[in-house]
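We name chains A, B, ... by the order of the sequence lines, and we start the count at 1 in each one. As the structure is a prediction and not an experimental result, all values here were calculated from the model.
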Protein chains: 2
Amino acid sequence: MAKRVTLSDVARRAGLSPAAASMILNGRPDTRLSEEAHNRVNTAAAELGYRPNLAARSLRTEKTQTIGFVSDQVATTRFASGLIKGALDAAEKADHVVLVTETGGDPRREAAAIDALVDRQVDGIIFATMRARELFVPELPSGTRAVLLNATNPRYTTSVLPDELQGGTDAIRRLCAAGHRSSIVLLGQSDELEKDAFRSVTVGRRITGIRREMARSGIAFEAEESVWIWDPEFGYEAMNRLIDRVPDVRAVVCMNDRLAFGAHAALAERGLSVPDDVSLVSFDNDEVAAYLRPGLTTVALPHQQMGARAVELLLGDDAPGEHLVPMPLIERSSIAAPRG
Amino acid sequence: MAKRVTLSDVARRAGLSPAAASMILNGRPDTRLSEEAHNRVNTAAAELGYRPNLAARSLRTEKTQTIGFVSDQVATTRFASGLIKGALDAAEKADHVVLVTETGGDPRREAAAIDALVDRQVDGIIFATMRARELFVPELPSGTRAVLLNATNPRYTTSVLPDELQGGTDAIRRLCAAGHRSSIVLLGQSDELEKDAFRSVTVGRRITGIRREMARSGIAFEAEESVWIWDPEFGYEAMNRLIDRVPDVRAVVCMNDRLAFGAHAALAERGLSVPDDVSLVSFDNDEVAAYLRPGLTTVALPHQQMGARAVELLLGDDAPGEHLVPMPLIERSSIAAPRG
DNA sequence: TAGCCCTGCTGAAACCATTTAGCAGAGTCG
DNA sequence: CGACTCTGCTAAATGGTTTCAGCAGGGCTA
């Protein structure tokens, strides 16, 4: 069984010392080794198919070209895989590789995951949550870099979040641009009922963006329905209540696509067609948004960009702070000019 | 900044040699070190908060307690994240951690990913594909273990696949159990048109399971519609054609849930209700299957179990070969006794 | 009392790359 | 000619763990 090729083998074949070979292969800048030496080492390495032993290298350098990704959930939502994919892609570009772990939100599992990553001397850790929130992060060995993905934390202040304020704003702008100025309802949230309820940092901003832009345009919601669990069935029920309250509803703003999915079903049952009778705008760009007929116009959660941004921040040297990534409006066909 | 605690520190504090400490902490079986020594070392390690330097250990042992996961796709389908989650969970149980990479099906990226993993001396690699197929796996360094997940390969014969034959069988059994014996149609596949087309290993088995069980029960499809891309819109179109061909259709077997989703819409439009007029059974247990009203009865692709099985096989010493994991029938409410 | 085994432990090599200090020789300057 | 610099390279230490060979000393047998 073929033994591994080591640096010494390369050096020997090139007629140089391992030290020289090391410097050359690592492209050290201000070394004084000859052109000639460079060539000999490089060809020797190529001929032998040399691959450095990363364990040995890490032992010396304490770097691993590896980053850790600690997430509370990986399988449940598309959101998670988008974040991971974004991180993977960016890591690949930076010649890093990523160790993925899942904690299920359990602090014990989280601690274990962090230990496992720190033991492997990852160059940095990304902490991701699926529902944006303040995240508890245990003390890390000094020198371990960390960035929060879709989360915030008072100590580790470098974080990546979707720009929900802008997203909320754009959703309303789009509706206004289509000519909607009245008979608009809000599905999913109601300030009266939820004054003190804490949903998440991002939901708060989303709703602020929405309301602020409504105010700026001088229009108001005709009715609002609060929904606790943003799943299709509850969207369906809430939409029915909204139709009862506002029979001439012309536009509905849904807090997310799953609610919109339910709303769509309720509208269809009442004989109201989208977008001819009622326009629909929503958030997240969930898978179902594309399945619906007509396709749902929605403000996307830019998972992949967020994941990518997180690794760029982890590896780069940007200033700490909140980094917002824009939420693009995905135009499909659920918005039209109001009837009549 | 606190320096790392090393094995020597522990040994010194225990008044023993590093060699002794190493053996004790690793629980070597037939060492002759005293009870007393064990205690001293263990308490010293605990007091100092000793954590072994894994880079150093790997350098010696060539093991890393790390496994590699190479997948063609991670973000696109729920399937991918299920596989990953299953693998993550099983790895965690076995005290391993997993390096996830994505290739997008590009052989160059795949080669790069494998290099990156091999360089990091992973204990084994899982190769996963989202659409089951024969997968090309480049030569690996001898001694690198590999298992194929949702894929097959002539050289690396350890693979895990869903038991589609059983899945197909169970779908039909369920329909029969409800009393369906005629006016049954198949949506998504048609032998006449697709005799020579290759879909994937698993689709082939799924359809075989279906047809074999139909034959066994002495019944036959009234009509079949082939669909190339298994997305809702095409399911919708195909269902319309099927209703035209078989106006008294009583049951439809859909090749997957996205098709079923489209079929559901088409049926609703024609005033046919599920399950009272028409029963629906399908495959995959996609997210949409639960969103539909009524909920879709479907034969699930057991992602997580498959992912978990893969790491068990990678780490254990089972015989090579194809390992099938059962596809559970998820009962919701799209099947009822045929009308009339 | 030599020879042997057994117990409980240690010394040192090995794993492999990186890095610092420094050496030999040639050339330059005053 | 001596001091100095510059060039092109190497020796050796370093990082932390595992593991093999073996040592010291006590007890036992012949």
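The footprint of chain B on DNA chain D, defined by a heavy-atom cutoff below 4.0 Å, extends from D/dG16 to D/dC20. The span of DNA chain C lying next to chain B, judged by atoms under 4.0 Å from heavy atoms, is bounded 5' to 3' by C/dT7 to C/dC16.
The side-chain contact (heavy atoms from CB on, under 4.5 Å) search around B/E62 returns B/Q121, not counting sequence neighbours. Under the side-chain hydrogen bond (donor to acceptor under 3.5 Å, both in side chains) criterion, A/R131 pairs with no residue, sequence neighbours left out. Not counting sequence neighbours, the partners of A/P138 by the side-chain contact (heavy atoms from CB on, under 4.5 Å) test are A/E110, A/I114, A/F136. Take B/A111 and apply the side-chain contact (heavy atoms from CB on, under 4.5 Å) test, not counting sequence neighbours, and it matches no residue. The ring-ring contact (aromatic ring centres under 6.0 Å, His included) test applied to B/F79 returns B/H303, not counting sequence neighbours. Taking B/Q305 as the reference, nothing meets the side-chain hydrogen bond (donor to acceptor under 3.5 Å, both in side chains) condition, with sequence neighbours excluded. In terms of the side-chain contact (heavy atoms from CB on, under 4.5 Å) criterion, residue partners of A/D115 (sequence neighbours excluded) are, by chain and number, B/R51.
Side-chain polar atoms of B/D123 and B/T64 form a donor-acceptor pair below 3.5 angstrom.
Taking every heavy atom of both residues into account, B/R40 and B/A14 meet most closely at NE-O, 2.8 Å.
Taking 4.5 Å as the limit, some side-chain heavy atom of B/I67 sits within range of a side-chain heavy atom of B/L315. The shortest side-chain heavy-atom distance between A/E92 and A/L88 does not fall under the 4.5 Å cut-off. Two residues are said to be in side-chain contact when any heavy atoms from C-beta on lie closer than 4.5 Å; B/L301 and B/M327 meet this criterion. Using a 4.5 Å heavy-atom cutoff, the side chains of A/T66 and B/R120 are in contact.
Two residues, B/R60 and B/E36, neighbour DNA chain C, and the one matched to the more 5' nucleotide by heavy-atom proximity is B/E36.
Among the heavy atoms of the strands lying under 4.0 Å from B/R32 is at least one base atom, whether or not backbone atoms are also near.
Using a 4.0 Å cutoff on non-hydrogen atoms, the parts of residues 6-23 of chain B near DNA chain D are B/T6, B/L7, B/A19, B/S22, B/M23, ordered by number. Of the residues in residues 37-46 of chain B, none has a non-hydrogen atom less than 4.0 angstrom from any atom of DNA chain D.
Considering A/L149, A/T129, A/V160 in turn, A/L149 is the only one that fulfils the side-chain contact (heavy atoms from CB on, under 4.5 Å) rule with A/L83.
Under a 3.5 Å cut-off, the side chain of B/D106 and the backbone N or O of B/R108 do form a donor-acceptor pair.
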Pair pattern of DNA chain C in dot-bracket, where unpaired bases get dots and | marks partners in another strand, Watson-Crick or G-U under 3.5 angstrom: ||||||||||||||||||||||||||||||
